[in-house]
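Written out below as structure tokens is the structure these notes cover.
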Amino acid sequence: MDFFVYNTMSGNKEKLIPVQEGKVGMYTCGPTVYNYAHIGNLRTYIFEDVLKKSLRYIGHNVKHVMNITDVGHLQSDADTGEDKMELGAQRENKTVWEIAKFYENAFLEDCDKLNIERPTVICRATEHIQDMIDLIKRLEEKGYTYISNGNVYYEIDKFEDYNELANLSIEELEAGSRVEVDEGKKNPLDFVLWFTNSKFKNQIMQWDSPWGRGFPGWHIECSAMSIKYLGETIDIHCGGVDHIPVHHTNEVAQSEGALGHKWVNYWMHGEFLVLDGGKMSKSKGDFLTLSKIEENEFSPLDYRYFCLQSRYRKQLVFSFEALRDAQNSYKKLKSKVSSIIDALQEEERLDENKINLYKSEFAEQISDDLNMANALTVLSKVIKDSQLTNREKYTLIADFDKVLSLELTKENSEKDMKVDENLISRLIKERNEARKNRNWVRADEIRDELQAMNIELIDSKLGTEWKIKK
Ligand code: AMP
Ligand code: ZN
């Protein structure tokens with residue numbers, strides 16, 4: 001089946017043609033491990049996870065490479081502001097190495113909870129310094145660099161089409177990146193490849209290089225590591241939209257400058273998760289993490305479901321009310337699947353033709369630039385289809401869940417039960433209301449829903465109580 005993706009570089013939806021048939025090389029920019037990931041960052045990683053699983057669903061073999069930025073990322077994506085890792089170390093009175101290790105683990109734990117599969121290769125910037133030095137040397141040989149005040153800069157005027165990815169004029173790029181005046185730069189958009197002379201005199205992370213002891217600029221790590229693990233042409237490169245005008249623009253300049261040919265065939269960018277009140281930012285200190293979501297009695301998969309409901313290329317506004325709605329829909333979905341599982345019978349029919357028809361309907365939606373909302377509609381159709389046996393439904397649900405990763409066929413664990421006490425009380429209240437209004441259909445629906453969650457209701461004159469079924 002053809003797979004279509006929206007390519008930022010062309011501004012069009014395009015048919016994906018991998019360099020090697022059946023194999024897709026995919027690079028996604030990873031986290032800067034100086035603090036917890038916020039739920040906006042996690043939205044982007046969910047999008048990339050769904051992309052990878054969708055490609056696999058339609059038969060591609062995917063090699064996924066993701067970096068861990070543990071050095072070199074300054075507060076602004078250009079070369080200004082404080083060093084993020086040093087900032088984390090000062091905040092917590094730890095070494096930068098301890099900070100990197102701690103937040104890398106925290107990030108991976110968040111990913112596990114969200115059923116975000118680990119990439120084929122996870123590469124830390126600090127373990128690839130030589131690769132970066134080699135790439136800078138290649139750029140130097142080709143005349144793309146200059147040294148000023150001890151730092152090695154990339155000279156963007158030497159690279160034709162510097163602004164192609166962002167599709168902005170140089171003036172717009174300058175305005176957008178709010179570059180600090182740096183006397184050492186020939187063009188304000190030039191960027192550092194190697195610092196030997198930064199304003200951070202006590203920088204702990206330093207390495208020897210042909211230009212002196214120092215550390216790499218942020219952008220060079222992605223070029224160096226992606227080329228190392230995926231070769232000279234990458235099929236898909238992803239990240240959040242904020243990366244388009246600076247980080248990815250600079251990655252293209254570095255990689256294509258060094259390689260002398262086109263480097264990435266499809267650029268895919270996830271839009272931002274925004275708060276009711278505006279942008280989510282770590283620098284403001286108080287930002288939403290997955291733990292905060294859990295403290296509010298939502299499960300990580302409630303959040304995954306919330307993200308799946310909307311298109312990755314559209315901004316998504318987060319609020320706890322909206323997450324509550326998603327949680328309710330997800331619970332309902334799970335309880336319907338539970339009822340199907342309960343009703344399963346060994347000897348039920350399993351018609352391959354019917355199954356394949358639904359599979360291709362699902363595949364068609366995910367292949368349409370990840371139309372996950374429509375893919376979820378196909379799932380609902382399957383659940384409602386009275387022409388399907390429970391076994392056929394179960395087979396399809398388990399199959400779609402390879403992409404959705406919502407644990408649809410997994411029975412609720414005792415832990416889930418405890419977390420759901422609030423939901424149970426709410427449903428009982430809603431059922432009582434429905435009964436008061438003689439809405440027997442809704443009342444029965446709620447009883448069934450609770451039953452699917454293994455909850456038994458006991459009605460008496462004193463009210464409704466519940467217990468976990470033995
Ligand atoms: P960082 O750790 O800051 O490099 O960001 C990790 C990933 O999250 C990058 O791909 C960013 O583009 C992306 N990102 C940052 N903020 C948001 C947001 N509010 N919503 C979605 N993605 C974001
Ligand atoms: Zn990157």
Side-chain angles (χ1 to χ4, degrees), residues 8 26-51 65-78 81 84-85 87-88 99-100 103-104 106-108 110-111 114 116 119 122-125 128 132 135 165-166 191 216-230 234 236-255 263-264 267-284 287-290 303 306-307 310-318:
T8 311
M26 170 174 160
Y27 185 86
T28 59
C29 290
T32 306
V33 284
Y34 75 113
N35 209 331
Y36 292 106
H38 61 51
I39 58 169
N41 302 135
L42 294 172
R43 180 190 186 201
T44 293
Y45 298 113
I46 291 172
F47 139 62
E48 293 159 350
D49 183 63
V50 170
L51 171 64
V65 179
M66 183 187 76
N67 66 308
I68 299 276
T69 300
D70 50 3
V71 66
H73 195 169
L74 307 190
Q75 264 181 322
S76 88
D77 287 350
K84 287 188 174 182
M85 297 304 301
L87 215 59
I99 289 290
Y103 287 110
E104 180 186 315
F107 168 72
L108 293 174
D110 281 354
C111 289
L114 288 161
I116 295 172
I122 297 182
C123 36
R124 297 189 188 99
H128 294 78
M132 297 186 221
L135 195 63
L165 181 68
F191 55 94
W218 172 39
H219 315 293
I220 196 71
E221 68 179 78
C222 287
S223 291
M225 295 192 281
S226 59
I227 293 170
K228 174 169 183 154
Y229 293 107
L230 290 168
I234 297 174
I236 303 178
H237 192 317
C238 306
V241 283
D242 57 323
H243 282 345
I244 300 170
V246 183
H247 182 50
H248 288 168
T249 289
N250 290 347
E251 279 188 37
V252 174
Q254 293 167 155
S255 304
W263 170 53
V264 169
W267 283 94
M268 293 179 73
H269 290 98
E271 248 300 348
F272 263 30
L273 179 88
V274 292
L275 298 178
D276 269 348
K279 218 181 139 198
M280 171 139 16
S281 158
K282 278 183 206 169
S283 54
K284 285 183 198 149
F287 56 90
L288 279 172
T289 57
L290 195 61
Y303 182 64
F306 171 73
C307 292
S310 71
R311 197 67 177 254
Y312 78 91
R313 276 202 294 126
K314 274 178 86 173
Q315 271 200 0
L316 177 58
V317 182
F318 178 85

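Counting starts at 1 for both ligands and their atoms, following the listed order. Note: hydrogens, waters and symmetry copies are ignored here, and every other heavy atom, side chains too, is used. For clarity, every value in this text was computed on a predicted model and none was experimentally measured.
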query: Taking N or O atoms only and a 3.5 Å limit, does Leu273 qualify as a polar contact for ligand 1?
result: yes
With Asp110 as partner, the option from Ile116, Asn41, Leu42 fulfilling side chain to side chain contact (heavy atoms under 4.5 Å, CB included) is Leu42
Please say whether Gly240 places an N or O atom under 3.5 Å from an N or O atom belonging to ligand 1.
yes
Scanning both residues in full, the closest heavy-atom pair of Val264 with His237 reads CG1-CB, 3.7 Å
Taking only non-hydrogen atoms of Tyr45 and a 4.0 Å limit, the atoms of ligand 1 in range are 6 (C), 7 (C)
For Glu251, the N, O or S atom at the shortest distance from the Zn ion (ligand 2) is OE2
Under 4.0 Å from one or more heavy atoms of Pro31, ligand 1 contributes atoms 2 (O)
Heavy atoms of Met66 and Cys29 approach each other most closely as CG-C, 4.3 Å
Determine, using heavy atoms of His269 and all atoms of ligand 1, whether some pair is separated by less than 4.0 Å.
no
Checking the N or O distance criterion of under 3.5 Å, is ligand 1 in contact with Thr32?
yes
Closest non-hydrogen atoms of Tyr45 and Gly30, given as atom of the first, atom of the second and distance, are OH-C, 3.2 Å
Q) Can Glu271 be said to touch ligand 1, with heavy atoms closer than 4.0 Å? A) yes
Closest heavy-atom pair, Met268 versus Ile236, reported as atoms and distance to 0.1 Å, is SD-CG2, 3.9 Å
The atoms of ligand 1 lying under 4.0 Å from a heavy atom of His38, numbered in the order shown, are 16 (N), 17 (C), 18 (C), 19 (N)
Checklist entry - Any N/O/S atom, backbone or side chain, of Cys29 lying under 2.8 Å from the Zn ion (ligand 2)? => result yes
May I ask you to check whether Cys222 brings an N, O or S atom to under 2.8 Å from the Zn ion (ligand 2)?
-> yes
Would you say Gly40 and ligand 1 have an N/O pair spaced under 3.5 Å apart? yes
Smallest heavy-atom separation, Phe318 atom then Phe306 atom, equals CD1-CE2, 3.8 Å
Counting heavy atoms under 4.0 Å, the part of Asn41 that contacts ligand 1 is both
Using the ring centroid of each side chain, check whether His247 and Trp267 are separated by less than 6.0 Å. no
Cys307 and Leu316 have their tightest heavy-atom pair at CA-CD2, 4.1 Å
Is there a heavy atom of Gly270 sitting under 4.0 angstrom from any atom of ligand 1? no
*asked:* Distance check below 2.8 Å: does His247 bring an N, O or S atom to the Zn ion (ligand 2)?
replied: yes
Near Thr44 (heavy-atom distance under 4.0 Å), the atoms of ligand 1 are 10 (O), 13 (C), 21 (C), 22 (N), 23 (C)
Practice item. Could you give me the CA-CA distance, side-chain angles and deciding distance for His248 and His269, then say whether side-chain contact (heavy atoms from CB on, under 4.5 Å) is met? Key: CA-CA 10 Å; His248 288 168; His269 290 98; 2.8 Å; yes
d(Ser255 OG, Ile220 CD1) to nearest 0.5 Å is 7.0 Å
